[in-house]
Amino acid sequence: MKCRIVLIAVALLATMACGTRGTAPGRPQADAQVIPPTKIVDFNLLYAGNCAGCHGANGKGGAAIGLADPVYLAIADDATIRRVASRGVPGTAMPGFAQRSGGMLTDDQINAIVDGIRSRWAKPDALGGADAPPYATQAPGDSTRGAATFAIYCSSCHGVDGHGGKRASSIVDSSYLALVSDQSLRTTVIVGRPEIGAPDWRGDVPGRPMSLEDVSNVVAWLVAQRLQITARLPGGIR
């Protein structure tokens, strides 16, 4: 019996030796399959390597909004998410990840990210039957009316003049406004930042959701604050 075990062990060692002969330790065999970086379409790998740094692990938010927010996914369609991921947002911290925009990802990889976000984190009943203001609008808001809208919906957290209060930081900080687009401001006003306790358009004033005009007007007011800051810079250059 012992002899039989020894013979089996020797045979196994011989087989392993033949399979690895001429291969340095730790180096894959010549016939081993190596997946090129451009062929990786696993969502978890792609998201971790390209999105999690700003949007948070598991899409929970960080420096940028959480992509796992069902309210965000209810107002932003796949074409919108694909466009932003591919092209980025000029003038902000959001780069373009598609190869044609100077990034590293192929169209298939961008699609894998978009499909993965939608399939994992979208919820059909996210809005609970409510009509959310649209993700984007062509009609500009009124910054003068936006000041009054800000006082009603935002000042209790961000302070009367937007420079911060007991429950939230300044929303008119020059560094913040310089790094976000007008669309990003609109998106945040609509979907909130639930990971830091900021409500969506329905929760600023209980029982009084913001209307489409309210959202557009308060965004116009915030944009006006950015323009005032820009005008005070040397040469008026941002």
Side-chain angles (χ1 to χ4, degrees), residues 12 15-128 132 134-136 176 179-181 183-198 200:
L12 288 173
T15 301
M16 293 172 63
C18 291
T20 59
R21 185 174 298 154
T23 301
R27 181 180 300 174
Q29 299 180 36
D31 60 348
Q33 293 186 351
V34 178
I35 302 176
T38 56
K39 298 299 183 181
I40 295 173
V41 291
D42 178 80
F43 171 77
N44 292 323
L45 291 175
L46 292 172
Y47 181 88
N50 299 280
C51 313
C54 290
H55 295 284
N58 300 314
K60 296 302 182 181
I65 63 169
L67 297 176
D69 183 351
V71 176
Y72 169 72
L73 294 175
I75 68 167
D77 59 19
D78 288 356
T80 295
I81 300 173
R82 185 178 294 108
R83 183 185 70 251
V84 174
S86 298
R87 303 177 187 174
V89 182
T92 75
M94 176 65 189
F97 286 92
Q99 291 178 343
R100 61 181 176 276
S101 299
M104 300 291 290
L105 302 183
T106 66
D107 289 345
D108 287 342
Q109 290 174 318
I110 295 289
N111 289 336
I113 291 175
V114 175
D115 293 344
I117 288 172
R118 181 70 63 187
S119 64
R120 286 164 173 77
W121 298 327
K123 295 181 180 179
D125 60 347
L127 301 181
Y135 173 83
Y176 169 70
L179 290 172
V180 294
S181 65
Q183 178 60 58
S184 178
L185 291 171
R186 180 180 180 84
T187 302
T188 301
V189 170
I190 298 173
V191 308
R193 290 293 299 268
E195 75 278 7
I196 58 175
D200 63 34

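Side chain of Tyr47 to backbone of Ile117: no donor-acceptor contact under 3.5 angstrom is found. Judged by distance alone, the side chain of Arg193 and the main-chain N or O of Gly62 form a donor-acceptor pair under 3.5 Å. The closest donor-acceptor contact from the side chain of His55 to the backbone of Gly61 lies at 3.5 Å or more, if one exists at all. Side chain of Thr92 to main chain of Met94: a donor-acceptor pair is present (N/O by atom type, distance under 3.5 Å, no hydrogens or angles). Under the 3.5 Å distance criterion, the side-chain polar atoms of Glu195 are left unmatched by any main-chain donor or acceptor of Asp69. Between the side chain of Thr188 and the backbone N or O of Ser184, at least one donor-acceptor pair lies under 3.5 Å. Not one N or O on the side chain of Arg100 forms a donor-acceptor pair closer than 3.5 Å with the backbone of Ser86. Panel note: side chain Arg82, backbone Asp107; no donor-acceptor pair is recorded below 3.5 Å.
In Arg87, the CZ atom is not crowded: 12 or fewer heavy atoms of neighbouring residues, nucleotides or ligands sit closer than 6.0 Å. Within a 6.0 Å sphere centred on CD1 of Ile196, heavy atoms belonging to other residues, nucleotides or ligands number more than 12.
Rounded to the nearest 0.5 angstrom, Leu73 CG and Leu67 CG are separated by 7.5 Å. The distance from the CG atom of Leu45 to the CD1 atom of Ile113 is 10.5 Å, given to the nearest 0.5 Å. Residue Tyr176 holds its OH atom at 5.0 Å from CG of Leu185, rounded to the nearest 0.5 Å. We find the OG1-CZ distance between Thr80 and Arg83 to be 4.5 Å, quoted to the nearest 0.5 Å.
When all heavy atoms of Ala85 and Ile110 are compared, the pair lying nearest together is O-CD1, 4.1 Å. When every heavy atom of Ala76 is checked against every heavy atom of Ile81, the shortest pair comes out as O-CD1, 4.0 Å. Considering every non-hydrogen atom in both Phe43 and Ala112, the closest pair reads CD1-O, 3.7 Å.
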> Going through the distances and angles, do Asn50 and Gln109 end up as a side chain to side chain contact (heavy atoms under 4.5 Å, CB included)?
Replying inline: CA-CA 11 Å; Asn50 299 280; Gln109 290 174 318; over 6 Å; no
>> Let's go through Val84 and Gln183 carefully: what are the C-alpha distance in whole Å and the side-chain angles of both, what is the deciding distance for side chain to side chain contact (heavy atoms under 4.5 Å, CB included) to 0.1 Å, and is it a yes or a no?
In response: CA-CA 11 Å; Val84 174; Gln183 178 60 58; over 6 Å; no
> Do Asn44 and Arg120 pass the side chain to side chain contact (heavy atoms under 4.5 Å, CB included) test, and can you show the C-alpha distance, the side-chain angles, and the key distance before you say yes or no?
Replying inline: CA-CA 11 Å; Asn44 292 323; Arg120 286 164 173 77; 4.3 Å; yes
>> I'd like to know whether Ile190 forms a side chain to side chain contact (heavy atoms under 4.5 Å, CB included) with Tyr135, so could you lay out the CA-CA distance, the side-chain angles of the two residues, the decisive distance to 0.1 Å, and finally the verdict.
In response: CA-CA 8 Å; Ile190 298 173; Tyr135 173 83; 5.9 Å; no
